[in-house]
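For reference, the structure is listed below as structure tokens.
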Amino acid sequence: MAQDIQTLHQKASDAMAEGNREEAINFYNEILQQAPGDEIAHGQLMDLYFDTDKFKYYLMRANYNVVNQKFEHAINDTKKALNLDSNSIDARVKLARLYRVSNKNLKAIDEFNKIIELEPKLRDAYIELIDLYIIEDVKESAVGIAKKAVDEFSDDTELKNILAKLYFDTGSNDLALNVVEDLPMKAKILLSDGKNDEAKAVLDEIKNTMPNIKEAKAAYNLLLAEYFYNKNEYYNTLNTINEYVTIIGPDAVSFQMKALVYEALNDEFNAAVNFGYMKKAQNKNDEAIVEFNHAHSLNKNDKNVLIELANLYMGLNEKYTAMDFWNAVYELDNDAHAKEILGEFYFNEGDFKMAEKYGKYRSIKNKDENAKNYDEAQEEDEGLIEKIINFFSKK
């Protein structure tokens, strides 16, 4: 049972007071297992190793600097430790990760390569090195390291799938199929190669073994939609995408697939609409406006497109252009929401004539024969204070 941090600190302090360094070290290490950021424990360990073990002292000082976000100091301390023991895997891993968090990826890559040479069985080093090569967009090098990892850990399913994904990303589909273990990835590769019947067999296997998890069901429907698309079964594709949306909600991928289906069906309007929604989902609002304007040019009276354009232009602070579209919405069917937006906008702009066109008046009540606007009220109120004073001064 884990002891309370405060209790461990007290025990460590007592051990130090009694001159029992090893016991104090054990207590402080136990503290760091529970609370890796405990600054006091790091500092005390640093002091405990100062006279007895310079290698561990520098590593502890590096940890202390990491806790205080002083990564350059931590790097220098770790290098000093490596000067004392150049074959230390722990120190090299620490240095590689410090380079990575300091955005010195090329130096981190060098260190992880040294680590793999020194300790070929350190699995995490391969994965971190692959990630760094991907970040630096050197996928061929990532492939090389992934192959080494699979050779070293021949039964490791995750590493095989990492290698398969890298092969797939670099266009080596046949090599990817030779190593892939993940069924959805296998189906994806087959579909990409146009091997639709083989892909369908894998999809059927996925369906029969799929866990009852919404993400898994959504991924299956996305692959099934791709299968139908490849087979030119476009209405089945749309239905399957709708199943995906029902599970996971609309997203950029679903809009893109719908757009591609409508393109294949020569439905230029719906293709443009869905490309617009795709760009919007990607937060590319300038590009979304281009797509929705294209859709608008094909159908001037589609209300949803008009509303999307109105909102997008408002988001870009192009208010008068937005009001043109809100006005088009209003003129379609006297939309109450559009009317309210237009009235409020022109009222705030001080254009009371336009505001009145959309039902926004300067009176407290709705404008009618008996309603008085604010200007009239101000005229009638002249001398009102004086009248009140005179009234209350009467005896």
Looking at [X] and [Y], what are the two nearest heavy atoms and their distance?
{"X": "A355", "Y": "G343", "answer": "CB-O, 3.8 Å"}
{"X": "P36", "Y": "V67", "answer": "O-CG2, 4.2 Å"}
{"X": "G276", "Y": "A288", "answer": "O-CB, 3.6 Å"}
{"X": "M185", "Y": "N161", "answer": "CE-O, 3.6 Å"}

Applying ring pair (Phe, Tyr, Trp, His ring centres under 6.0 Å), can you list everything that pairs with [X], at least two apart in sequence or on another chain?
{"X": "Y313", "result": "F325"}
{"X": "F55", "result": "none"}
{"X": "Y320", "result": "F345"}

Item to check | Criterion side-chain contact (heavy atoms from CB on, under 4.5 Å) against I130, the qualifying member of I135, I145, V143, L163 | outcome: I145
Checklist entry - Below 4.0 angstrom, N of the basic side chain to O of the carboxylate: do K114 and E111 qualify? => result yes
Next on the checklist: Taking the basic N atoms (NZ, or NE/NH1/NH2) and the acidic carboxylate oxygens, is any pair closer than 4.0 Å for E128 and R97?
Outcome noted: yes
Distance from [X] atom [atom1] to [Y] atom [atom2], nearest 0.5 Å?
{"X": "E158", "Y": "R123", "atom1": "CD", "atom2": "CZ", "answer": "4.5 Å"}
{"X": "E136", "Y": "D131", "atom1": "CD", "atom2": "CG", "answer": "12.0 Å"}
{"X": "F352", "Y": "R362", "atom1": "CZ", "atom2": "CZ", "answer": "5.0 Å"}
{"X": "N65", "Y": "L98", "atom1": "CG", "atom2": "CG", "answer": "9.5 Å"}
{"X": "I241", "Y": "Y229", "atom1": "CD1", "atom2": "OH", "answer": "10.0 Å"}
{"X": "I115", "Y": "L118", "atom1": "CD1", "atom2": "CG", "answer": "8.0 Å"}

Under 3.5 Å, side-chain donor or acceptor atoms of residues 213-228 against the rest of the protein: list the pairs with distances, not counting sequence neighbours.
from : atom 1 : to   : atom 2 : distance (Å)
K217 : NZ     : N212 : OD1    : 2.6
N221 : ND2    : K217 : O      : 2.9
E226 : OE1    : K188 : NZ     : 3.0

Just wondering, are more than 12 heavy atoms of other shown residues or ligands nearer than 6.0 Å to [atom1] in [X]?
{"X": "D155", "atom1": "CG", "value": "no"}
{"X": "K148", "atom1": "NZ", "value": "no"}
{"X": "K56", "atom1": "NZ", "value": "no"}

Is [X] reaching over with its side chain to a backbone N or O of [Y], donor-acceptor style, under 3.5 angstrom?
{"X": "N208", "Y": "D204", "result": "yes"}
{"X": "S86", "Y": "N83", "result": "no"}
{"X": "D4", "Y": "Q6", "result": "yes"}
{"X": "N274", "Y": "Q256", "result": "no"}
{"X": "E119", "Y": "K121", "result": "yes"}
{"X": "S172", "Y": "L175", "result": "no"}
{"X": "N242", "Y": "L238", "result": "yes"}
{"X": "H294", "Y": "I289", "result": "no"}

Among residues two or more places apart or on two chains, list those pairs meeting ring-ring contact (aromatic ring centres under 6.0 Å, His included) that have a residue in [range].
{"range": "residues 71-98", "value": "none"}
{"range": "residues 249-269", "value": "F255-Y277"}
{"range": "residues 76-133", "value": "Y126-F153"}

Are [X] and [Y] packed together at the side-chain level, in the sense that at least one heavy-atom pair is separated by less than 4.5 angstrom?
{"X": "M323", "Y": "N327", "result": "no"}
{"X": "Y58", "Y": "L84", "result": "yes"}
{"X": "L166", "Y": "I134", "result": "yes"}
{"X": "K80", "Y": "R61", "result": "yes"}
{"X": "I189", "Y": "K186", "result": "no"}
{"X": "L122", "Y": "V93", "result": "yes"}
{"X": "E340", "Y": "W326", "result": "no"}

Mind checking salt bridge (charged side-chain N to carboxylate O under 4.0 Å, His left out) for [X] and listing every partner two or more places apart, or none if nothing turns up?
{"X": "E233", "value": "none"}
{"X": "K160", "value": "E181"}
{"X": "D193", "value": "K195"}
{"X": "D169", "value": "K165"}

Checklist entry - For N239 and E243, does a side-chain donor sit closer than 3.5 Å to a side-chain acceptor? => result no
Checklist entry - Is there a donor-acceptor contact under 3.5 Å linking the side chains of D251 and S254? => result yes
Next on the checklist: Under 6.0 Å from the ring centre and within 45 degrees of the ring axis: does the NZ or CZ of K339 meet both conditions for the six-membered ring of Y330?
Outcome noted: no
Item to check | Among T78, D77, N63, side chain to side chain donor-acceptor pair (under 3.5 Å) partner for K94 | outcome: N63
Checklist entry - Which pairs pass side-chain hydrogen bond (donor to acceptor under 3.5 Å, both in side chains) with one or both residues in residues 137-146, sequence neighbours excluded? => result none
